[in-house]
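Everything on this sheet refers to the single structure shown next.
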2 protein chains.
Amino acid sequence: MNTPMLDQFEQHTAAFQQVILDKQTEIEAWFRAKWHQHTPPFYGSVDIRNAGYKMSSIDMNLFPGGFNNLNSDFLATAVIAAQDAVERACPTAKSILLVPENHTRNTFYLQNVYALSKILEAAGFEVRIGSLNPEITEATAFTTALDNELVLEPLTRVGERLQLADGFNPCLVLLNNDLSAGVPELLQGLDQVVLPPLKGGWTTRRKTQHFAAYDQVAAEFAQVIGIDEWDINPYFEQASGINFHEREGEDQLAEVVQRLLDKIQAKYDEKGIQDTPFVIVKADAGTYGMGVMSVKSADEVRKLNRKNRNKMAVIKEGLEVSEVIVQEGIYTYEKVGEAVSEPVVYMMDRFVIGGFYRVNEARGIDENLNATGMRFIPMDQEIPYQSEDADKRRYAQWNTLGVADRESPANCEDNRLYVYGVMARLSLLAAAIELE
Amino acid sequence: MNTPMLDQFEQHTAAFQQVILDKQTEIEAWFRAKWHQHTPPFYGSVDIRNAGYKMSSIDMNLFPGGFNNLNSDFLATAVIAAQDAVERACPTAKSILLVPENHTRNTFYLQNVYALSKILEAAGFEVRIGSLNPEITEATAFTTALDNELVLEPLTRVGERLQLADGFNPCLVLLNNDLSAGVPELLQGLDQVVLPPLKGGWTTRRKTQHFAAYDQVAAEFAQVIGIDEWDINPYFEQASGINFHEREGEDQLAEVVQRLLDKIQAKYDEKGIQDTPFVIVKADAGTYGMGVMSVKSADEVRKLNRKNRNKMAVIKEGLEVSEVIVQEGIYTYEKVGEAVSEPVVYMMDRFVIGGFYRVNEARGIDENLNATGMRFIPMDQEIPYQSEDADKRRYAQWNTLGVADRESPANCEDNRLYVYGVMARLSLLAAAIELE
């Protein structure tokens with residue numbers, strides 16, 4: 001990217017941030033009114049892309065990992081948010097049963113579970129961790145990436161209660177497991193509060209449902225602040241009946257891709273944008289950055305080589321992909337140092353509690369940056385890593401929580417992160433509607 | 001203070017902090033239950049004294065100044081708390097009319113008003129400042145101690161609404177004026193929400209009412225965590241019918257002082273405490289650290305010289321003192337550097353949003369440290385000061401918000417401040433009950 005384009009990016013972003021800051025009072029009042037109508041998810045994280053002329057959340061994770069990547073200076077804020085989140089779920093809760101993913105060998109994921117449990121403990125709840133992993137047959141201590149100890153205990157079911165061996169069965173079961181492998185019988189029909197709800201898991205959830213809800217949210221928000229909805233909302237369509245292995249549904253997918261590329265080009269023409277349109281094809285029930293490709297022409301879909309077809313065909317837990325979301329790609333001109341980056345924002349209840357820039361030195365401005373999991377390495381910290389590509393994966397932790405300051409320049413770091421927080425909360429609101 | 005005593009202080013404090021940390025889950029659940037029964041005040045600050053063997057809030061300010069003294073690193077937390085506070089008061093509020101004290105020449109106080117309005121603005125509310133000061137006859141810009149601009153506008157009354165010249169009359173009127181001079185007619189019978197409520201002003205409020213409510217709170221809390229209530233609750237009594245100028249009521253006051261000193265000595269004997277009992281005599285409706293004296297014998301009350309009688313007789317706004325609270329004194333062994341200090345904790349809604357140590361190098365461990373107003377000088381910052389004694393007044397800003405960490409030593413800074421936060425919230429809860 002040359003300097004004039006970067007300048008343009010900064011100018012566009014500054015202009016957009018000025019609009020948001022000018023309307024901050026209206027925006028916050030609007031959010032407050034919305035949270036009276038819709039129950040915020042317990043927690044969530046979103047990926048944001050910012051091209052300057054357009055900015056949006058492009059993915060919303062209802063079972064966020066990576067709490068270990070958040071700046072611990074903002075722990076106090078997370079603790080307040082956690083209190084609101086738990087109290088909303090279960091006003092009398094004293095304890096929480098946390099159910100994580102099964103992969104016990106990913107010590108970075110364990111670090112995330114540790115960080116999450118620390119937030120909840122600091123908020124004044126007893127937290128114990130019940131694992132669905134059949135290999136956990138007794139309370140077992142694991143060592144996290146940063147050398148903390150995390151005890152996983154086997155889950156049992158007694159009547160309609162999920163509990164641990166000693167009968168621990170609090171009113172709140174908090175999932176940090178996205179149910180990609182289906183909803184285990186253990187979790188079905190519980191009379192405890194299960195959050196996020198089972199239907200939020202990838203067994204049933206579809207990205208297209210999220211973005212259908214986001215359409216409503218973005219349209220209304222755009223009206224509130226007087227902008228073109230497109231500025232904050234990427235086009236998308238679903239394509240189904242696909243079998244990448246067998247090359248079934250390729251033509252239909254190519255048609256969808258072409259239709260979207262044409263729509264984007266028309267909008268680029270209208271706005272005088274010089275970029276080349278691209279779309280992202282993603283498994284509609286996919287997560288962990290798996291089953292994602294960036295496409296600039298319909299032909300690319302028809303000419304997928306075996307390697308890329310395999311990559312698209314199977315996602316987390318070995319599930320076959322038959323439905324995809326084709327989503328307008330948003331260039332990311334946000335940079336950390338010389339590397340392409342995208343902001344990731346974490347929320348609990350209605351509140352932003354942290355974030356970081358996901359940085360991938362090996363990737364381009366039109367690519368998925370969430371390439372192989374959650375093994376981020378903070379830029380200023382040495383952490384042992386497990387896989388060879390981990391050394392290419394970096395994140396830059398946020399040093400502020402994005403408190404809006406109308407007296408500072410619109411484009412200062414605090415205001416930039418405030419605006420990313422607004423974008424993130426739009427997606428959070430869409431998730432609330434999606435889960436109703 | 002010699003080293004063995006300091007060691008003893010640290011040991012006592014660590015032991016008490018361990019009790020609090022061990023019961024953290026119960027404590028937080030108890031607070032949550034209490035906040036379902038009682039509405040938290042909009043905001044408040046408390047002064048805490050810590051003798052190691054005993055620790056308590058000894059004063060609760062419902063109209064806190066000094067927001068400018070809080071660590072701006074925790075602004076994000078204050079912003080969340082402010083959202084809860086305003087929403088609780090007025091769910092649809094978009095704007096706030098802030099009514100400060102009248103003293104426009106105290107630029108440090110103006111800095112406080114500026115800091116408070118920045119928190120509320122960052123929370124997404126429009127904030128305008130309406131002054132009761134008759135000298136403010138049109139919108140007037142003032143310069144704060146740190147060179148920010150603050151515009152004060154004259155208040156008017158239209159029907160049952162308090163408003164500014166252009167008709168600005170939001171549903172929430174937020175007082176940062178403690179009404180020591182009485183409740184102005186302008187504020188009476190408004191159909192807007194006025195917070196803190198008028199009865200929380202010093203026209204009607206009495207410290208003894210607060211500590212009567214605190215008695216209930218402390219007794220219940222002591223039971224929850226299994227300690228002697230005395231460990232967190234200073235004895236007190238009211239004495240009335242006093243005229244310091246005319247030396248009326250002296251004997252009665254001396255009797256109260258003697259009775260309390262005897263009670264404290266009995267408790268010290270029971271606990272094996274070597275300190276000399278003392279009491280604090282304070283105007284029951286006093287504030288700003290005015291009308292306060294430290295007394296170790298009943299004779300001291302009978303032998304007050306003219307200067308000290310004058311000091312006790314008249315408080316803020318020139319009001320005569322006829323009622324006092326005689327409160328068990330708690331030694332403060334908390335030190336910042338070599339200076340005696342007491343923790344001051346700020347809260348908004350249910351949450352601790354910051355604090356500092358009030359340090360006074362010129363004062364002793366049994367004296368009131370709030371000696372002449374709100375002109376604190378941060379230890380690491382040069383601020384122009386206005387009065388000659390200001391150079392003796394220092395505060396040390398908190399660098400953490402006191403997030404409890406059960407894996408760290410009980411006596412680490414975070415846990416120490418968490419415990420001070422618990423003490424502060426007990427007083428906040430008492431204020432909630434007091435205001436019912």
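Proteins get letters first, then strands, A, B, ... in listed order; numbering begins at 1 in each.
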Exercise. Any side-chain heavy atom of B:Asp84 sitting closer than 4.5 Å to one from A:Arg350?
Worked result: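 They are in side-chain contact.
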Once you round to the nearest 0.5 Å, how far does [atom1] of [X] lie from [atom2] of [Y]?
| X | Y | atom1 | atom2 | value |
| --- | --- | --- | --- | --- |
| B:Asp73 | A:Asn399 | CG | CG | 10.0 Å |
| A:Leu75 | B:Asp414 | CG | CG | 8.0 Å |
| B:Phe74 | A:Thr77 | CZ | OG1 | 9.0 Å |

Heavy-atom pair count under 4.5 Å with chain A, highest-scoring of B:Lys118, B:Glu87, B:Arg406 =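 Of the candidates given, the most pairs with chain A belong to B:Glu87.
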Worksheet entry | Best-contacting candidate, B:Glu26, B:Glu126, B:Glu121, against chain A by heavy atom pairs under 4.5 angstrom |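 Looking at each of B:Glu26, B:Glu126, B:Glu121 in turn, B:Glu121 comes out on top.
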Just so I understand: if I count every heavy-atom pair under 4.5 Å between each of [options] and chain B, which residue has the most?
| options | answer |
| --- | --- |
| A:Ala123, A:Ala81, A:Ala33, A:Ser95 | A:Ala123 |
| A:Ile80, A:Leu401, A:Val352, A:Val403 | A:Ile80 |
| A:Gln24, A:Glu28, A:Lys94 | A:Gln24 |

**Message:** Taking atom CD as the centre, does A:Glu413 end up with more than 12 heavy-atom neighbours from other residues, nucleotides or ligands that are less than 6.0 angstrom away?
**Reply:**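 Enclosed: over 12 neighbouring heavy atoms sit under 6.0 Å from CD of A:Glu413.
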Under 4.5 Å from any heavy atom of chain A, what part of B:Ala122 do you find: side chain, backbone, both or neither?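 Looking at B:Ala122, backbone and side chain both touch chain A.
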Item to check | Toward chain A, the part of B:Ala78 with a non-hydrogen atom under 4.5 Å | outcome: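 Contact with chain A: none, neither part.
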With a 3.5 Å distance limit and no angle check, can you tell me whether A:Arg32 reaches the backbone of B:Gln83 through a side-chain donor-acceptor pair?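 No.
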